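Along the sequence shown, residues are numbered consecutively beginning with 1. Everything numeric here is computed off the predicted structure, so don't read it as measured data.
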Amino acid sequence: MNLIVLVGWYLLAGLLHLIALPYLIWRSRQEKYHLSLPARFWKPASLKKPSYDLWIHACSLGEVKAAAAIVDEAKARGLSILITVMTQTGYEEAKRYKGVESHFLPFETFLPWWAPQVGMLVVVEAEIWPILFWSARLRGARVVMASARISDRSWAGYRRLSFLYRAAFAACSYLLVQRPIDHERFLSLGAHDVRIAGNIKALVRHQPTRFYPKQPGLTIVGASTHEGEEIIIFEAWRMWRAQQSVENRLWIVPRHPERFKAVAFLLQERAQQVGLSFGYWQEGGSAKSDVVLVDRMGELLNIYAISDLVILGGAFVPVGGHNLLEPVVLGCRVVTGEHLFNQEALLELVEGVIVTTPEQLAQAIDEALLLPPPRLKVEADYSTLWRDLDGLVHA
């Protein structure tokens with residue numbers, strides 16, 4: 001039965017790939033996709049080696065950051081590592097890992113011919129691709145899901161495709177899931193060895209890569225923002241600021257670099273309308289304007305380290321939220337929105353994060369600054385995976 005499902009899925013994927021190819025070639029001309037689409041869908045990049053000890057697949061920026069704990073453990077054991085991703089922001093983050101080869105994951109049509117021989121494939125969070133799992137398994141790899149989760153919002157979709165996931169999980173050695181509810185859901189989808197290990201993001205050692213001087217007064221950061229959130233955060237901060245005497249400033253860090261120009265235009269225009277100054281974040285951490293756009297990647301942790309309050313985006317619009325642990329670990333007070341369907345497990349790991357609506361955001365800023373910073377209250381246990389990495393050393 002699993003073989004029939006896999007063959008059917010592969011043929012369907014190939015047909016969809018062929019039909020979509022002209023569109024994908026056209027779309028790859030856009031800045032957001034000019035690296036990822038060619039590499040994934042119509043000319044997969046060649047691997048530098050025929051085999052690796054460890055293959056980590058992590059879809060996007062958040063999953064690649066979560067994989068840092070696995071990368072650190074594997075590098076400590078001297079293992080050769082391949083990381084595959086699906087988005088441009090994920091690829092840029094993966095390239096930051098020294099001594100690790102990184103690639104975009106090819107479309108499933110290419111995977112059986114592209115996949116290298118590896119000792120273990122570790123798939124982070126919610127990336128369940130049957131051809132990926134079996135391409136590694138048939139080359140002798142152990143296939144493991146780490147920090148696996150199924151959100152409430154996506155659960156109905158998983159159940160509708162349970163036959164497909166059952167075929168995928170037949171290739172897995174075991175799954176390390178985040179929560180008891182994930183344990184129940186993966187078992188019901190046909191996974192056969194499911195263990196609760198917690199969220200692997202709790203193990204990541206978040207450290208700034210550069211150290212900047214703290215600015216005078218209060219620095220409030222709108223972090224990882226999406227379309228529509230910059231103006232929500234700006235207006236709430238402006239309302240709060242009107243009642244304050246202490247010096248303060250707002251820094252905005254959009255999630256996606258292709259939006260930098262549009263966000264700069266929006267913030268500059270709105271700031272001028274209300275008599276505030278606008279500027280760009282400068283190398284060295286200096287920014288003297290009232291409203292500042294951080295228009296570069298890879299600085300968010302460094303900025304968290306000198307911030308007083310983080311307003312975390314991706315949750316004031318229905319995106320699903322972003323990593324709460326990064327600002328918490330670096331000592332920031334944190335306010336975020338209600339659309340946290342991708343971060344439910346992380347919210348359970350911390351206490352003191354304020355969840356609010358756009359309408360109540362100004363009040364939440366005031367409340368957060370009066371409270372002590374949030375703290376991490378739950379730890380994760382991935383000793384099973386670390387023991388398997390030890391086994392790769394001696395294989």
Side-chain angles (χ1 to χ4, degrees), residues 56-74 83 85 90 93-94 97 121-128 144-155 158 172 174-187 189 191 193-207 223-224 300-301 304 310 312-315 319-332 334 336-355 373-389:
I56 301 170
H57 177 60
C59 176
S60 190
L61 179 65
E63 292 83 2
V64 175
K65 287 185 174 182
I70 305 173
V71 172
D72 289 344
E73 292 287 342
I83 296 182
V85 303
E93 182 67 21
Y97 293 129
L121 167 66
V122 177
V123 179
V124 180
E125 292 198 359
E127 287 294 289
I128 308 173
V144 174
M145 289 196 72
S147 205
R149 61 176 176 83
I150 299 176
S151 69
D152 294 342
R153 185 174 181 174
S154 59
W155 175 225
Y158 276 88
C172 288
Y174 58 86
L175 282 71
L176 300 175
V177 303
Q178 296 185 12
R179 306 166 298 169
I181 187 65
D182 296 314
H183 182 270
E184 296 174 13
R185 288 172 176 172
F186 279 108
L187 285 175
L189 291 175
D193 187 353
V194 185
R195 313 171 192 182
I196 301 172
N199 195 312
I200 201 166
K201 290 178 180 177
L203 301 179
V204 178
R205 296 184 289 273
H206 299 292
Q207 296 289 338
S224 294
L300 194 53
L301 290 181
Y304 283 159
V310 171
L312 191 57
V319 169
H322 291 301
N323 191 337
L324 296 160
L325 298 186
E326 292 177 346
V328 169
V329 169
L330 290 170
C332 302
V334 180
T336 192
E338 294 183 309
H339 297 286
L340 287 168
F341 49 85
N342 286 335
Q343 303 298 326
E344 296 158 349
L346 285 190
L347 191 60
E348 295 174 2
L349 300 182
V350 298
E351 60 181 13
V353 170
I354 295 178
V355 178
R375 68 178 187 87
L376 190 65
K377 64 178 181 179
V378 179
E379 296 183 355
D381 180 6
Y382 276 74
S383 55
T384 301
L385 182 55
W386 306 157
R387 285 195 295 270
D388 278 352
L389 294 183

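- In this structure, His183 contributes its side chain and Val177 its backbone to no donor-acceptor pair below 3.5 Å.
- Atom CD1 in Ile150 sits 5.0 Å away from atom CG in Leu189 (nearest 0.5 Å).
- At least one side-chain heavy atom of Leu346 sits less than 4.5 Å from a side-chain heavy atom of Leu349.
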Start with the C-alpha distance between Val350 and Val334, add both sets of side-chain angles, then the distance that settles side-chain contact (heavy atoms from CB on, under 4.5 Å), and finish with yes or no. CA-CA 11 Å; Val350 298; Val334 180; over 6 Å; no
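- Considering all non-hydrogen atoms of both residues, Ala94 and Val85 come closest at CB-CG1, 4.2 Å.
- In this structure, the separation between CG on Asp193 and CG on Leu175 is 8.0 Å, given to the nearest 0.5 Å.
- Distance check: Leu312 CG to Asn323 CG gives 8.0 Å after rounding to the nearest 0.5 Å.
- Here the closest heavy-atom approach between residue Ala67 and residue Ile56 is recorded as CB-CG2, 4.0 Å.
- At least one side-chain heavy atom of Val71 sits under 4.5 Å from a side-chain heavy atom of Ile83.
- Contact between Pro374 and Cys332 at its shortest, heavy atoms only, is CD-O, 3.2 Å.
- In this structure, OG on Ser147 lies 9.0 Å from CG on Asp182, to the nearest 0.5 angstrom.
- For Glu326, the side-chain hydrogen bond (donor to acceptor under 3.5 Å, both in side chains) partners are Lys65, not counting sequence neighbours.
- Closest approach of Ala315 to Leu340, counting heavy atoms only: CB-CD2, 3.9 Å.
- The shortest distance between side-chain heavy atoms of Val328 and His206 does not fall below 4.5 Å.
- Side-chain contact between Arg149 and Asn342: present, with at least one pair of heavy atoms (C-beta onward) separated by less than 4.5 Å.
- Two residues are said to be in side-chain contact when any heavy atoms from C-beta on lie closer than 4.5 Å; Ile196 and Pro180 meet this criterion.
- Under a 3.5 Å cut-off, the side chain of Arg153 and the backbone N or O of Phe341 do not form any donor-acceptor pair.
- Taking CZ of Arg185 as the reference point, atom OH of Tyr158 lies at 10.5 Å (rounded to 0.5 Å).
- By the 4.5 Å heavy-atom criterion applied to side chains, Phe186 and Ile128 are counted as neighbours.
- Taking 4.5 Å as the limit, every side-chain heavy atom of Leu325 sits out of range of all side-chain heavy atoms of Val204.
- With a 4.5 Å cut-off on side-chain heavy atoms, Ile70 and Tyr382 do not count as touching.
- Of all the heavy atoms in Val124 and Ala66, the pair that sits closest is CG1-CB, 4.3 Å.
- Exactly one residue among Gln178, Arg179, Gln343 makes a side chain to side chain donor-acceptor pair (under 3.5 Å) with Asn199. That residue is Gln178.
- Here the straight-line distance linking atom CG of Asp381 with atom CH2 of Trp386 works out to 10.0 Å at 0.5 Å rounding.
- With sequence neighbours excluded, no residue satisfies ring-ring contact (aromatic ring centres under 6.0 Å, His included) with Tyr174.
- Tyr304 contributes no side-chain N or O that, together with a main-chain N or O of Val310, makes up a donor-acceptor pair within less than 3.5 Å.
- Annotation: salt bridge (charged side-chain N to carboxylate O under 4.0 Å, His left out) contacts of Glu63 (sequence neighbours excluded): none.
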Derivation of the salt bridge (Lys or Arg N to Asp or Glu O under 4.0 Å) call for Glu125 and Lys201: CA-CA 10 Å; Glu125 292 198 359; Lys201 290 178 180 177; 3.4 Å; yes
